[in-house]
Every structure is written in C-alpha cells, then in structure tokens.
A.B. asks: 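Below is the structure I would like to discuss, written out as structure tokens.
Below, chains carry the letters A, B, ... as their sequence lines are ordered, and counting in each starts from 1.
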Amino acid sequence: MTAIIRAKSLKKYFPIKLSFFRTLLSRTELCVRAVDGVSFDVNKGEIFGLAGESGSGKTTTGRLLLRLIEPTQGTVAFEDKDITHLDETQMKPLRRKMQIIFQDPYESLNPRMTVGDIVAEPLRVLQATQSDTETEERVKSTLEDVELTPPEEFMFRYPHEVSGGQRQRVAVARAFVLTPDFVVADEPVSMLDVSIRAEILQLMYRLVEKNKTAFLYITHDLALARHMCDRLGIMYLGKMMEMGTTEQIIYESLHPYTKALIDAVPVPDPTAKRIEVVIKGEIPSPINPPPGCRFHTRCPAFIGDICRTKEPPLIDTGNNHMVACHLYSKGK
Amino acid sequence: MVLLDVQNLTTYYSTLRGPVRAVEDVNFQLERGEAMGLAGESGCGKTTVALSLLRILPFNGKIMTGKILLRQKDIVQLSEDKLRRDIRWKGISLIFQGAMNAFNPVQKVEGQIVEAIRLHEPKVSKKEAKERVGKLFEMVGMEASRASNYPHEFSGGMRQRAMIAMALASNPDVLIADEPGTALDVIVQAQVLKLLNELKKNLNLSIIMITHDLSLITETCENLVIMYAGNIAESGDIIAMHEKPLHPYTQDLISAFPNIQAEKRRMTSIPGSPPDLLQPPSGCRFHPRCKYAMDVCRKETPKLKEAAENHYVACHLVK
C-alpha cells in the first residue's frame, strides 16, 4: 500500500471578524477551529470515508488536502512530497492529479456552458491535451465512462437539459477526465433521490477501481459509507475520533460517539428494533470547543475528570484500528 | 374510526405548456392515532397531496376532482372562511419542509406561534396564547423560556422542535410532516423521530409523514403509501409491504436503500428517471422503467386493487 496523500496534524482556524470596537476590547483573536490536528493518509486505489455530523470539519479537511484553502498548521504530502508551501505555479502540474466532486450538481456546473465544454475545461485550463481533436476524444470517452451515451447526444446540451442524476455524472466526468490520482467527493449524492444514489456511487466505485484512484469520500450518511468505503474516519468538532477499516468501525466500533452515530442511523426494516437515542443535544460551537475530550459534554460513557481535563490521543488498539478515547488509553 | 378519507383526489397545475398532472386518482384513509408514510421520488406528487389536504396550493394549482373527508366533512367544498376556522391548524396542520427557513427571521418564535393560535382561534386572549406556547415548548422538550428567542438563536434541531410545537398549537387531529428529517444530522434526526413517536402516543395524534427516505417511515409509521408520478403504486401495512412488496417500483425502491446492518453488497438502483408529468406515459406510468413491462402496461392504467387484507397495489402483474 502506498499512500498518495498524507495529512499530518492538519489545522485550520478561521478567524472571526469582529466589529471595530470589539476588536479593541477583546484581547485574543477568536477563531472557528474547523479542523484541529487531523492526521491520516489515503492509499492508492482506496476509498477512504470521512464521516461525522455537520460542523465536524469534514469538508474543510477535504479542501485542505487539495490546497483549495491554506492550512493554519500541519502538512499535506502528495506522493511523499510536501506540498503545503508550494506556490500556484508549482501546484499547477499537481492539479492535474487531484480533483474534486461537489455536493450540489445544480450549483457546481456553469449553466451557460454545454456539457462538452464543462468536461473539456480541465483539459484546456491545464493544457493536458495537444490538440482540439484530442480534447474532444478524451471528453467523449470520459462521457462514455460515466454512461452518458451516446456522448454526441449529451455534449451539446446545457446542464438544465439533463436530469439531476445525469448532472452529477457530468460532475464525475469532469473530475475523472484528467485521470487523476486523488479525488475528493464532498457529499456527492446527498442532493440526489435515493433511487439514483446507488448508480452514481457504483459509477464512482468503478472509476476508482479502473484508474486506481485514491478517493476521499466525505459523507454524513454512514449507511452509504458502509457500502462504499474501504476505510472510515469518524470526525467530531475538528478531531479524528476513530479510524479503521469499514468493518472495524461498523462492527467493532470503540468510541462512544461512533457507537451513537451508528445507532442513530434509521434502518429501513419495519421489524427491526427501534432506535434508542443515547446522546442528547447537538454538536457544540467550534469557536469555544469543550476542553479535554471534545465529546465529553454529550458522552454517555463519561468516566470522570480525565475526560474534562485531558485530551485523549489517537492510539492504535491493534490492526490499525485507531481511537481517541480515555476508555481505551488507560494504562498506556 | 376513519378520521381522514381521501377519495379520487386529482390535482393539476396549469402551466403555459398545459396542465401538469401532479396528482391523479389518489385514495387513502387515515385512522385516529395512526401514522402513515407517504413516500416516492422527488416530483411524484407527495407534497402536492399535502398542500391539497389543507387547500394551500399555489395559485396555479387546482383540485380537479375528488373528496377529502375529515370527520365526514368534505374539505374540498368548504368556503375559505370555514376552512381557516375549522380545518387549518385545528383539523390538519403541517410541519413545513426545511425547518431551517420556515420561521420568520425578524420575529420572535413566541410571537409567531401566538399569531397562528389567535388567527385560528380568535377567542383566545394573548396571555392565554402565550401560556399555551410555553406548554407546547415543554411538550416538545424545550425550555418554555426559550420561546422568546429569535429563530437564529436556535440550532437546527431546536428549530425543528419549535416547528412541531407550532404545528400542535391548536390541537390538530392530523399532523402532516413534510420531509422532517432532511437537513438534520442523523443524531438530531433520531431525536426528532423519537419525539414524533411520543407525541403520537401521548396525544393520540394521526401523522402523515412525507419523505423520500423509506427508513424514516419504517421507524415511525404503521402504514405506507408509495407514490409514483402522481399515482399510488402500492399501499398498505408496512410490515407486509416490506416483506412482500408487490409492485416492481416498491421492490426497486426498497432494494435501493442501503442498510447499515445488512451485508456489504453492491447497491441497486432504478434505471431511468421519473417521467415528465406534462405528458405522462400511457398506461401504467412506471412502464418505461419497469423490468416486467408487458403490452397491457403500455395501454391500460392499472387500478388500485386489494391484493390482501390492507394491502393495495396498482399493477397488471397482480391478478
């Protein structure tokens, strides 16, 4: 297994803009700690899922890896090369190798461009092809890959002339037209109807297998992640709480937060046991996150002062199953 | 006792390109204390059914035919005045889709709920209405004092709770929840579902849950109605429908759902997309996507017939 992308203690704080007088009065600069020290890597040909509630920093992490935003601290390494401080010209050749698929296919496609132009744009911007005919061929074969066939029929349509599922296929085609090594998909199916989610996921799955892409799948839907991902990371308030293979996370989850998250997923079977909601309240503000373990304010397995005062490190419990919880760090 | 009886409901939207046949020939019954799920893909007419029940369709929408009997009284025939006094909020109330944006951002939540109470029950004094808001807030698991907050001071889950409190303000018989889970995180969503279940039990409330997410329905409802392109495809007891779905669309829809507890597998989906309701396909509206489509499906619209006790299906395959 070779890691394509490696994040090391990544942090991203967004400063909060205060009014002039409040800036004078408050001594410290207030920040939203969106991502607060996250480390993981995504291997070649692997689908890594990043799951958590909204506000847990999943999307920010995805964007940091692509260097769409600058990290406050920490490093991002792409193919073992530190890319954290590269400037735009140095980044440009790498942009060919890393792409993103956005959540909302209704907003991420330019309504004034045809499907053909949308898919061709990355090739043109990054000068990945030698001639217009080559560009056209690449566009056609990619559209075929995403099952928009025959491609001639779709190339000259505008986004409003195709259905929601087909739009997301266009977005997938745009990401894969450069045959990238690393793709971030930020909630790629959450805006789609359940009946067509599966086909978009399978499409991405096939493309990942075919191109041996490293794929970061950001989602809040654990049921989908369970069927899609090889490994999963569970985030909460900018921290990685648990990380391991999908089987480890779903069947042998250790962290109380992961367990609660899994229990809260509704099961589409009327005879199954009804859900018991064990955790109360909602995710606290990332401006002033709770000290110690960030989950202690809602934790059903709270074990005392240590949770409130000491931040649990992410430790390996065996077989690369990592967890950040004092329940498992005792005696180490 | 049947509380709500919808018979042959047909609602069209008139557009410049002709009528959009959003809901056609929809029949269902709802009993007191029963929760019913209304499911289907987007654009299948779920929300139009809800809007028709309260007669709050947009200006170009019109109920063409059909009856909506609430306690044997036909809502379709009522005057606008009577509708406001007797039906809306008191008979049937609605939790709107997108709790995030359904409140007026520049007015305190308390004022908005008081307004709703006093509009439908003019005899209630302001003071009484305020007291009622406090009680409603406690009922949905919030502190009564929070009622004097503005909507932006609430989190998503609290806003959804406040929406539910508002819908319950005049003690309705039927509560319609339009996509109560979307835009909420799984944990908050589970809390809201639990609240709805409790309210149903404690108040003997009838609930119609509208969603595209079958798993939310299976967590709360006893009966299920599956709609496709404005028609009912299948309806009945949820356990029977889950164990033995008869309509090919129901079968596909159920298998398209990822189940976190099930074996890891390649998920299935329904090829194609729902039809344009300006020109719906002839015969059975599902036939272009149906893997069992026969000649008769293209020609004849299947009628909803009883396949077993409390299990209805509209498909030519079922004899």
A.B. asks: In Å and rounded to the nearest 0.5 Å, what is the CG to CD1 distance from A/D269 to B/I238?
C.D. replies: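 Reported value, rounded in 0.5 Å steps: 9.5 Å.
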
A.B. asks: Report which part of A/I283 has an atom under 4.5 Å of a heavy atom belonging to chain B: side chain, backbone, both, or neither.
C.D. replies: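 For A/I283, no heavy atom lies under 4.5 Å from chain B.
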
A.B. asks: How about OH on B/Y292, more than 12 heavy atoms from neighbouring residues, nucleotides or ligands closer than 6.0 Å, or not?
C.D. replies: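 At most 12 heavy atoms, drawn from other residues, nucleotides or ligands, come within 6.0 Å of this atom.
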
A.B. asks: Is it true that atom CG of A/N319 has more than 12 heavy atoms of other residues, nucleotides or ligands lying nearer than 6.0 Å?
C.D. replies: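 Incorrect, the count does not exceed 12.
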
A.B. asks: Check whether any side-chain N or O of B/T218 sits under 3.5 Å from a backbone N or O of A/V267 as a donor-acceptor pair, and report yes or no.
C.D. replies: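 A pair under 3.5 Å: yes.
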
A.B. asks: When only pairs under 4.5 Å are counted, which of B/E41, B/M241, B/H212 shares the most heavy-atom pairs with chain A?
C.D. replies: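 Max contact count across the listed options: B/E41.
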
A.B. asks: Looking at B/L214, B/I217, B/L216, which hits side-chain contact (heavy atoms from CB on, under 4.5 Å) with A/P266?
C.D. replies: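 Single pass found, and it is B/L216.
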
A.B. asks: Should the heavy atoms of other residues, nucleotides or ligands under 6.0 Å from CD of B/E198 be counted, would the total exceed 12?
C.D. replies: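 Yes, the 6.0 Å shell around CD holds more than 12 heavy atoms from other groups.
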
A.B. asks: Tell me, side chain or backbone of B/V188 under 4.5 Å from chain A's heavy atoms, or both, or neither?
C.D. replies: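 Contact with chain A: side chain only.
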
A.B. asks: Sort A/I250 into side chain, backbone, both or neither according to what part of it lies under 4.5 angstrom from a heavy atom of chain B.
C.D. replies: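 Side chain only.
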
A.B. asks: Does any heavy atom of chain A fall under 4.5 Å from the side chain of B/E222, the backbone, both, or neither of them?
C.D. replies: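 Contact with chain A: none, neither part.
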
A.B. asks: Against chain A, label B/I239 side chain, backbone, both or neither, depending on which of its atoms sit under 4.5 Å from a heavy atom there.
C.D. replies: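 B/I239 touches chain A through backbone and side-chain heavy atoms alike.
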
A.B. asks: Nearest 0.5 Å, please: how far is CG in A/L192 from OG in B/S269?
C.D. replies: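 Answer rounded to 0.5 Å: 11.0 Å.
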
A.B. asks: Among the options B/P274, B/S215, B/P271, pick out the one with the most heavy-atom pairs lying under 4.5 Å from chain A.
C.D. replies: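 Of B/P274, B/S215, B/P271, B/S215 has the most heavy-atom pairs under 4.5 Å with chain A.
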
